[in-house]
J.: 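Below is a structure I'd like to ask you about.
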Amino acid sequence: MQAPRVRFAPAPTGYLHVGSARSALFNWLFARRHGGAFVLRVEDTDESKKSQEFVDAIVEPLRWLGLDWDEGPYFQSQRKHLYEAAIQKLVDGGRAYYCDLSAADSQRLAAEAGLREGYHGWSRDRDVADGDGVVVRFRVPDEGSTVIEDLIRGRVEVAHDTIADFVIRRGDGSPVFFLANAVDDHDMGISHVIRGEDLLNTTPKVKLLWEALGYGPTPAYAHLPLLVNERRQKLAKRRDSVALSEFKAEGYLPEALLNALALLGWGPPDAVEIRPMEEIVSRFSLEAVNKGSAYFDLVKLKHINNAYIKALTPVQFVAAAEPWLPEHYDLAVVEALAVEVQQRISTLSEAAGWLDWLFVDEISEYDEKSWAKAMVKGRAADRVLAELAGVLETVSFDDPATLESCALGVGNRLSEELGARVMSQAPLRVAVTGRGAGIPLWEALTHLGKERTLSRVAAARSRLAG
RNA sequence: GCCCCGUUCGUCUAGCGGCCUAGGACGCCACCCUCUCAAGGUGGUAGCACGGGUUCAAAUCCCGUACGGGGUACCA
């Protein structure tokens, strides 16, 4: 294959959603796989969609994901002269014409003519003069059909009589998507158009324009299966929470998100799902992309994210998790305990929940369920804490093994004395951390220190008594 | 309504006529490990939408039906 040229061409809507990111990724994968170019183009033909803020909302997430582009961003709003020339060419050649009818007008005419709703070429022969508020429509051939050879879907044929003469220039003079699309893809030498299936229906229109403009062979088309919500509807900004920025804010790693996205609509031939992006690049092919829509399962995303988090070194982990670490954290302590936290979280935002008790003076709040289970149910809780306080007082907090054997020793001693199994770790953990579950206690206690440990045991004992 | 697309375990997928008594992953369940919770290990659960063809042979090819989705704008 000659080096392909692909493009990601989002409309600036104020944010980037995962469906768009998936389209960008598949374009990027294809370009990287075949040594081609990945072009970024902002489709802002609609005047209301222009602003730096909107552009940042596209560019920033792409950078975060690491989907680097080779050209652009190009802006359609800055290329108006090209579209105007193309429109003029179509009008001059009789392939397009002016129309001054409103939607209400064409509805009325359709009713009068006893035709189905819609535009039926009313202005084709009316010789309307150009002017303010006048649109340009493309004259769709009455006969025949347009065929798309889609790389993913195969042959798709659409009869011309099902396509109405569509608008290619708005009343305010701005070009419409179909037109700008054809002009830009041609001008930028795009060889493969890879995008969501929701655009499949627009492809015949673009192709018709392409041919009318004398552009020669069209790019190859590949329409990706849609990403859908749990009700299997296309992901939409309004009803689905899918902004890329939210994934970032919740502590997903970009590499994990990309890996997960690559698995939607495509699967590696060897079934190894979690792997470095370069391995995905080298195995990717458009022909292997499937046709059915895919639900983006957050549970699986979390699994993948956890795998990537576990793969980080402690230093990398602390750097990545920094925004979510507890207040007043101690870098050395977090690094020392990082491995234990990493295997327990599926998003970075969960990190603080496992560490916060290490960086406060005292436990202000106990998890009541854990307290009830460890402190009340086992009647020996106060005895355990009392014994523990006595023993821990006398030992060094440098070695986790020492603390463990002290605690287990207390448990064993009391088990014998009371004739029932007495667990020492549970009450100690609740006393010291406020919770019933957490990272391994003994090493953590070496960092908490003797003083704070003992004062928390004392606090728990007085709470027990009171 | 009309046009277009799709349909393999709950979910994401492998499968592109015989290797399929349908493989993997997530989830779920059980067991192992473990004086917490995880992680890890082992095993299990669950699926070719339906009906006709074609063929010696169909999850794989064809037709139809059902269901789902997308589009039908002076959004992209």
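The sequence lines fix the lettering, A, B, ..., with proteins before strands; numbering per chain opens at 1.
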J.: Any salt bridge (charged side-chain N to carboxylate O under 4.0 Å, His left out) pairs touching residues 195-204 of chain A, not counting sequence neighbours?
T.: A/Arg153-A/Glu197, A/Asp198-A/Lys234
J.: Answer with base, sugar-phosphate or nothing: what part of the nucleic acid does A/Glu157 contact at a heavy-atom distance below 4.0 Å?
T.: sugar-phosphate
J.: Between N or O atoms, less than 3.5 Å apart, protein on one side and nucleotides 39-42 of chain B on the other: list the pairs.
T.:
{"from": "B/rA39", "atom 1": "O3'", "to": "A/Lys310", "atom 2": "NZ", "distance (Å)": "2.8"}
{"from": "B/rG40", "atom 1": "OP1", "to": "A/Lys310", "atom 2": "NZ", "distance (Å)": "3.1"}

J.: Return a single string for nucleotides 6-18 of chain B, one symbol per nucleotide in 5' to 3' order, where B is base contact, S is sugar-phosphate-only contact and - is none, cutoff 4.0 angstrom on heavy atoms.
T.: S----SBSS----
J.: Show the numbers, then the answer: is there a salt bridge (charged side-chain N to carboxylate O under 4.0 Å, His left out) between A/Glu43 and A/Arg41?
T.: CA-CA 6 Å; A/Glu43 305 226 317; A/Arg41 182 170 86 214; 2.9 Å; yes
J.: Please determine which of A/Arg139, A/Arg124, A/Arg137 meets the salt bridge (Lys or Arg N to Asp or Glu O under 4.0 Å) test together with A/Asp165.
T.: A/Arg124
J.: Quick one: does A/Asn201 reach the base of B/rG70 with a side-chain donor-acceptor pair under 3.5 Å?
T.: yes
J.: With heavy atoms under 4.0 Å as the rule, sort A/Leu200 into base, sugar-phosphate or nothing.
T.: sugar-phosphate
J.: Rounding to an integer number of angstrom, what distance separates B/rC29 and B/rU72 when you compare their C1' atoms?
T.: 48 Å
J.: Which part of the nucleic acid does A/Arg137 contact within heavy-atom distance under 4.0 Å: base, sugar-phosphate only, or nothing?
T.: sugar-phosphate
J.: Check for me whether A/Arg22 meets the cation-pi criterion with A/Phe26, that is, NZ or CZ under 6.0 Å from the six-membered ring centre and within 45 degrees of the ring axis.
T.: yes
J.: Mind checking whether A/His223 and A/Tyr221 have parallel, tilted or perpendicular rings, split at 30° and 60°?
T.: parallel
J.: Could you check whether A/Val135 gets within reach of a base, just the sugar-phosphate, or nothing at all, counting any heavy atom under 4.0 Å?
T.: base
J.: So A/Ser370, base contact, sugar-phosphate only, or nothing? Heavy-atom distance under 4.0 Å.
T.: nothing
J.: Would you please test A/Tyr366 and A/Trp371 for ring pair (Phe, Tyr, Trp, His ring centres under 6.0 Å) and show each step?
T.: CA-CA 7 Å; A/Tyr366 298 88; A/Trp371 177 276; 4.9 Å; yes
J.: OP1 or OP2 of B/rG27 less than 4.0 angstrom from a side-chain nitrogen or oxygen of A/Lys302, does that happen here?
T.: no
J.: NA contact type, A/Phe166, heavy-atom cut-off 4.0 Å: base, sugar-phosphate, or nothing?
T.: nothing
